[in-house]
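Below you'll find the structure, written out as structure tokens, and then a few comments.
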Amino acid sequence: MARGKKIYEGKAKILFEGPEPGTIVQYFKDDATAFNAEKKDVIDGKGVLNNRLSEYFMTGLGQIGVPTHFMKRLNMREQLVRNCEIIPLEVIVRNFAAGSMSKRLGIEEGTQLPRPIVEYCFKDDSLGDPLVSEEHIAAFGWASQQDMDDILGLALRVNDYLSGVMYGVGIRLVDFKIEIGRVYEGEFQRLVVADEISPDSCRLWDIETGRKLDKDVFRRDLGNLTDAYAEVARRLGVMPKGTGPQKPTLVN
């Protein structure tokens, strides 16, 4: 399938014009970044795994009625998605304390939270994606109150789905972040889960051993990142058992 000109290049993906109006081709890079791109590397196979894993999660969400921008996977590194207007927020759902929450509040990593906590960050790399409140969101017009109600509902439904899927393969969903986009259908709009869902955007810990199977492996120099992502893919049935992590063989 032919793709058009490049629209945007981020830290982990490149977006191209799609073959039909209202579509975009999303290309997954092997680049890994951390600490607002202060740490960088190229990890063989990472983009292939994230493409396939994001397809798996987005398809699963669609099957339970959660709207997403995902249309279909095109090849090893590309997928076709609906063009949407991204709300300038990162929506973070936390089930256990980790990362910046532990640092901010002095809560030991791995502490189970009394309930899922939803946080919002303003998407701006130059500012370090600062934490914002619903008051900020309303005051600056980033989203309406109805949008925020819908975003909260989507975030908690994604959390229920991902938590269950991961628990079933022996993985604890510590936290994750998603982006939400607006899709316009005539005069009406609806909100959809956009961007990607992958180990790049989730914290995933082995329930038995506590082994990290997410981008913290790269952040904290805990081993081979592709090996960790491939382990997630194998457990979910996305990759056959025994497949080497450096050159993933994907299940169609």
Side-chain angles (χ1 to χ4, degrees), residues 1 12-13 25-32 43-82 93 95-96 98 116 154-179 192-218 222-252:
M1 181 177 291
K13 293 183 294 296
V25 173
Q26 186 166 258
Y27 174 93
F28 287 76
K29 298 159 61 177
D30 280 342
D31 298 45
I43 312 294
D44 288 344
K46 171 180 169 289
V48 172
L49 287 162
N50 279 350
N51 180 29
R52 185 61 181 88
L53 284 165
S54 191
E55 175 202 14
Y56 178 91
F57 295 130
M58 292 289 191
T59 300
L61 288 171
Q63 290 171 347
I64 64 168
V66 177
T68 78
H69 75 160
F70 178 81
M71 297 175 72
K72 64 179 179 179
R73 176 166 59 89
L74 300 175
N75 53 49
M76 296 280 277
R77 291 187 179 273
E78 295 178 328
Q79 54 184 233
L80 188 68
V81 301
R82 293 189 67 176
V93 182
N95 299 306
F96 297 81
L154 284 172
L156 293 177
R157 290 186 70 190
V158 173
N159 188 47
D160 285 345
Y161 166 76
L162 289 179
S163 294
V165 168
M166 291 303 182
Y167 186 81
V169 294
I171 296 174
R172 176 172 290 120
L173 179 67
V174 175
D175 58 37
F176 66 92
K177 65 180 178 182
I178 54 174
E179 295 184 13
V192 300
V193 179
D195 193 45
E196 69 175 292
I197 299 176
S198 74
D200 266 10
S201 57
C202 305
R203 277 194 175 88
L204 307 171
W205 297 355
D206 181 87
I207 289 175
E208 295 294 328
T209 67
R211 176 191 171 196
K212 292 176 173 57
L213 300 169
D214 55 67
K215 201 162 74 169
D216 275 348
V217 172
F218 174 69
L222 298 177
N224 185 288
L225 186 67
T226 313
D227 189 30
Y229 287 18
E231 176 65 19
V232 175
R234 278 193 288 267
R235 293 195 193 188
L236 292 171
V238 172
M239 285 175 57
K241 293 181 180 179
T243 301
Q246 294 301 323
K247 295 183 180 180
T249 299
L250 302 183
V251 177
N252 289 319

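Being a predicted model, the structure only gives us computed values, none of them experimental. Keep in mind that the numbers below use all heavy atoms, side chains included, and drop hydrogens, waters and symmetry copies.
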Determine the minimum heavy-atom distance between [X] and [Y], stating which atoms define it.
X	Y	result
Tyr161	Tyr56	OH-O, 3.9 Å
Leu74	Leu80	CG-N, 3.8 Å
Leu53	Ala233	CD2-CA, 3.9 Å
Ser201	Glu196	OG-O, 3.8 Å
Arg235	Gly170	NH1-O, 3.2 Å
Tyr229	Leu213	CD1-O, 4.1 Å

Quick one: does [X]'s side chain have a donor or acceptor within less than 3.5 Å of a partner on [Y]'s backbone?
X	Y	value
Asn50	Ser198	no
Asp214	Pro199	no
Arg73	Glu55	no
Ser54	Ile197	yes
Asp30	Gly47	yes

If you round to the nearest 0.5 Å, how far is [atom2] of [Y] from [atom1] of [X]?
X	Y	atom1	atom2	result
Arg234	Leu49	CZ	CG	9.0 Å
Ile178	Phe57	CD1	CZ	13.0 Å
Ser163	Asn95	OG	CG	4.5 Å
Phe28	Arg77	CZ	CZ	10.5 Å
Arg52	Gln79	CZ	CD	10.5 Å
Arg203	Lys177	CZ	NZ	9.5 Å

**Asked** Are Leu61 and Phe70 close enough, and set up right, to give a side-chain contact (heavy atoms from CB on, under 4.5 Å), and what steps lead you there?
**Response** CA-CA 10 Å; Leu61 288 171; Phe70 178 81; over 6 Å; no
**Request:** With the side chain counted from C-beta on, respond yes when Leu204 and Val174 share a heavy-atom pair under 4.5 Å apart, and no when they do not.
**Result:** no
**Message:** Between Asp200 and Lys46 (salt bridge meaning N to carboxylate O under 4.0 Å), is one present in this structure?
**Reply:** yes
